[in-house]
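These figures come from a predicted structure and were not determined experimentally. Heavy atoms only: backbone and side chains are in, while hydrogens, waters and symmetry mates are out.
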Amino acid sequence: VQLQASGGGLVQAGGSLRLSCAASGRTFNHYAMAWFRQAPGKEREFVAGISGSTDITYYGDSVKGRFTISRDNAVNTVYLQMNSLKPEDTAVYYCATTFTSSTRVVHTTTGGYRYWGQGTLVTVSS
């Protein structure tokens with residue numbers, strides 16, 4: 001299983017970005033996907049997740065109402081639409097997916113995910 005994240009960049013506070021994560025190596029739609037982020041000197045933090053098949057979504061408290069996770073099974077890609085960005089959103093963003101199919105559960109810890117993408121840097125200037 002391979003995950004390729006893209007879409008990061010530099011944006012001013014209040015702006016928007018959309019991250020993409022393309023998956024390959026297995027049937028995509030049965031597995032939960034998630035985005036985590038890690039700022040310098042901090043632990044990796046859950047941002048958003050989406051279950052397989054049922055598309056149940058769950059968000060970290062710090063991004064609720066601003067970020068939206070979605071998936072397009074036709075192109076094996078999960079997205080993270082980020083609006084109203086704040087300087088504290090600055091981090092490397094990682095996509096991840098589960099080892100087993102997951103249609104009703106969205107894990108919020110790194111231990112729930114087996115495969116990880118390489119990360120894409122998001123920098124929000126004030």
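- In this structure the side chain of F28 never reaches within 4.5 angstrom of the side chain of V1, judged on heavy atoms.
- The backbone N or O of T100 sits nowhere less than 3.5 Å from a side-chain atom of R114 that would complete a donor-acceptor pair.
- Taken from CG in L3 to OH in Y113, the straight-line distance is 12.0 Å, to the nearest 0.5 Å.
- Of all non-hydrogen atoms in A48 and L80, the two that sit nearest each other are CB-CD1, 4.1 Å.
- Taken from CG in D55 to CG in N73, the straight-line distance is 6.5 Å, to the nearest 0.5 Å.
- Using cut-offs of 30° and 60° on the angle between ring planes, the pair F46 and F36 is perpendicular.
- Within 6.0 Å of NZ in K64 there are more than 12 heavy atoms belonging to other residues, nucleotides or ligands.
- Rounding to the nearest 0.5 Å places NE2 of H30 at 11.5 Å from OG1 of T98.
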* To do: Carefully, step by step, assess N83 and S16 under the rule side-chain hydrogen bond (donor to acceptor under 3.5 Å, both in side chains).
  => CA-CA 4 Å; N83 299 328; S16 299; 2.9 Å; yes
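- Looking at R104 and S51, their side chains never come closer than 4.5 Å, going by heavy atoms from C-beta outward.
- The closest side-chain heavy-atom distance from Y59 to I69 is below 4.5 Å.
- Annotation: Q2, atom CD; neighbour count of heavy atoms from other residues, nucleotides and ligands within 6.0 Å does not exceed 12.
- Looking at E45 and S62, their side chains come closer than 4.5 Å, going by heavy atoms from C-beta outward.
- Only one option out of I50, V63, V47 pairs with W35 in a side chain to side chain contact (heavy atoms under 4.5 Å, CB included); it is V47.
- The hydrophobic clustering, which links ILVMFWY residues whose side-chain heavy atoms are closer than 4.5 Å, places Y94 and L121 together.
- Taking OG1 of T77 as the start and CE of M33 as the end, the distance is 8.5 Å to the nearest 0.5 Å.
- Within the 3.5 Å criterion, the main-chain N or O of V124 finds a donor-acceptor partner in the side chain of T90.
- With M82 as the partner, the side chain to side chain contact (heavy atoms under 4.5 Å, CB included) test is satisfied by one option alone out of L19, V11, D89, T68: L19.
- The same ILVMFWY cluster, assembled from side-chain heavy atoms under 4.5 Å apart, contains both V106 and W116.
- Interatomic distance, S70 OG to R18 CZ, rounded to the nearest 0.5 Å: 7.0 Å.
- Put simply, OG1 on T103 and CD1 on I56 are 7.5 Å apart, with the number rounded to the nearest 0.5 Å.
- Looking only at side-chain heavy atoms (C-beta outward), S6 and T120 stay at 4.5 Å or farther from each other.
- Taking all atoms of both residues into account, the shortest heavy-atom contact from Y79 to V75 is OH-CG2, 3.9 Å.
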What's the verdict on ring pair (Phe, Tyr, Trp, His ring centres under 6.0 Å) for Y31 and Y115, showing C-alpha distance, side-chain angles and the deciding distance?
CA-CA 11 Å; Y31 300 88; Y115 304 103; 8.6 Å; no
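- Not a single donor-acceptor pair under 3.5 Å links the side chain of Q38 to the backbone N or O of A91.
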